[in-house]
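This report refers to the structure that appears directly beneath it.
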There are 2 protein chains.
Amino acid sequence: MRADAQRNLDTLLQTTMAVFASDGVDAPVRLIAEKAGVGVGTVYRHFPQRSDLVAAVFRREIDACAAAAAVLSAKHEPFEALAAWMQRYAAFVAAKRGLAKALHSGDPAFDTLPGYFDERLRPALRKLLETAAAAGVVRADVDADELLGAVASLCMSAHNAGSGRAERMVALLVDGLRHGATSP
Amino acid sequence: MRADAQRNLDTLLQTTMAVFASDGVDAPVRLIAEKAGVGVGTVYRHFPQRSDLVAAVFRREIDACAAAAAVLSAKHEPFEALAAWMQRYAAFVAAKRGLAKALHSGDPAFDTLPGYFDERLRPALRKLLETAAAAGVVRADVDADELLGAVASLCMSAHNAGSGRAERMVALLVDGLRHGATSP
DNA sequence: GTTTATACGGAACATTGTTCCGTTTAGCAA
DNA sequence: TTGCTAAACGGAACAATGTTCCGTATAAAC
């Protein structure tokens, strides 16, 4: 791949993320192209359809969320790392309400997203859980999948409630994990 | 209101319902206007925004579903009326997948729909439930709201599964109502 | 029958996704 | 360094669709 193409792809993805954050996932392709300093033709060469661009950004943010697990794990004690990551994940779900819409839109570009979700996020959380369980600070009988689903539901349904509610509910959930921990 | 305006409004709503059924709720306004034999200007005078037309059609179908309760109640025994209406409601939810999308779109035109849902459908189901409970053919401790929500969830999540699954699940649910019935 | 407020139709406009093609340029070889 | 070429670029043009506007037609009142 030519160097300029790679450069453009990078700035395009980064700019798109910023535009989605400020203007929502429905922002016009023209606007994204303009802010990235490229023509719409360039956008469409990298992403044949608008939805491909959206999916790419989501994948990138899923990656970032998964990568945060390792960072937090290295920086904090097992339980704190787990708790912090759960909040990180909750923030991701709450911020990306466009994601739910995308997943239910029926566009084939999003077909692989749920799988990507599992593939990246589940192992990340599983490792955090196992580490914390091995340290004896949380119970060991909770499934990573269920936890991801529960937090997602919490953040979706609580999204129109007052500020901080989702955070508090997630914290409550995480504290629940401490119950029944078996010291090693 | 002028007679021709009323006529146009009626045919417009009826035609729109048919077009939504065959082409989905994303059908272009032009197509709807054409099939209804009116100009787009007429559509927009009655419904300032496209979403207002969608909301009106949904309200109309909610009305029809609610009205079916009385008809079924008059024609069948209490339990059969209840069971038949539940299937009627399930079919409505399953068919109108655009409804879920609309409700989550954030368009203000749909803000009053959830309230309308409660206002019309809940009393209809409650009356069916009470009649059946009074006849001693179903238990009396089930809330109409919960039942509506449960069926909606069933039909939403089971929508991509094989044919008849949603119907079977709803039937199962309804049969569950028979359990613990107390004869009068 | 005349008048007038109302409703109508559809062309025109605005926005946005997508395609197309002439132009530019990065990478490479001589 | 220079010349060449395939790749990439930009943005005008196209297509689809929501929305507005206004000249025309007509139902209803007198």
Heavy atoms of other groups near B:Gln14 CD, more than 12 under 6.0 Å:
no
Determine yes or no for a side-chain-to-main-chain donor-acceptor pair under 3.5 angstrom, with B:Asp118 supplying the side chain and B:Gly115 the backbone.
no
Has the side chain of B:Ser105 got a donor or acceptor atom that lies under 3.5 Å from a matching backbone atom of B:Ala102?
yes
Need two values: the first and the last nucleotide of DNA chain C, 5' to 3', having an atom under 4.0 Å from any heavy-atom of chain B.
C:dT6 to C:dA12
Run the side chain to side chain contact (heavy atoms under 4.5 Å, CB included) check on A:Arg168 and A:Leu172 step by step: do they pass?
CA-CA 6 Å; A:Arg168 286 195 301 277; A:Leu172 204 63; over 6 Å; no
Take the protein atom CD of A:Gln6 and the nucleotide atom C1' of D:dC9, then report the distance between them rounded to whole Å.
16 Å
All N/O contacts under 3.5 Å from nucleotides 2-5 of chain D to the protein, with atom names and distances to one decimal?
none

Is the count of non-hydrogen atoms from other residues, nucleotides or ligands lying under 6.0 Å from A:Glu77 atom CD greater than 12?
no
Could you tell me the separation between the CG atom of A:Leu125 and the CG atom of A:Leu148, rounded to the nearest 0.5 Å?
5.0 Å
When rounded to whole Å, the CZ to C1' distance for the pair A:Arg45 and D:dG10 reads 9 Å
Comparing B:Tyr44 with A:Ala5, nearest DNA chain D nucleotide closer to 5' gives the residue A:Ala5
Should A:Arg7 and A:Asp4 be marked as a salt bridge (Lys or Arg N to Asp or Glu O under 4.0 Å) after you check the CA-CA gap, both sets of side-chain angles, and the distance that decides it?
CA-CA 5 Å; A:Arg7 243 196 336 269; A:Asp4 58 341; 5.5 Å; no
Think B:Gln49 has a side-chain N or O under 4.0 angstrom from the OP1 or OP2 of D:dT19?
yes
Using a cut-off of 4.0 Å between protein heavy atoms and nucleotide atoms, how would you tag nucleotides 24-30 of chain D 5' to 3' with B, S and -?
--BSS--
Establish, with yes or no, whether the OP1 or OP2 oxygen of D:dC9 is under 4.0 angstrom from a side-chain nitrogen or oxygen of A:Asn8.
yes
Under a 3.5 Å cutoff, is there a donor and acceptor pairing between the side chains of A:Ser51 and A:Asp107?
yes
Are B:Leu31 and B:Leu12 grouped together when hydrophobic residues (ILVMFWY) are joined by side-chain heavy atoms under 4.5 angstrom apart?
yes
So the ring pair (Phe, Tyr, Trp, His ring centres under 6.0 Å) pairs with at least one residue in residues 46-91 of chain B (sequence neighbours excluded) are B:Trp85-B:Tyr89
For nucleotides 13-16 of chain D, tabulate all protein N/O to nucleotide N/O atom pairs closer than 3.5 Å, reporting atom names and distance.
residue : atom : partner : partner atom : Å
D:dA13  : N6   : A:Arg30 : NH2          : 3.4

Counterpart residues, salt bridge (charged side-chain N to carboxylate O under 4.0 Å, His left out), relative to A:Asp63 (two or more places apart)
A:Arg120
Is there a side chain to side chain contact (heavy atoms under 4.5 Å, CB included) between A:Leu99 and A:Glu61 once you walk through the steps?
CA-CA 11 Å; A:Leu99 199 154; A:Glu61 304 209 323; over 6 Å; no
Look at the side-chain N and O atoms of A:Thr42 and state whether any lies under 4.0 Å from the OP1 or OP2 oxygen of D:dG10.
yes
Output yes when a side-chain donor or acceptor of A:Glu167 lies under 3.5 Å from a complementary backbone atom of A:Gln87, and no otherwise.
no
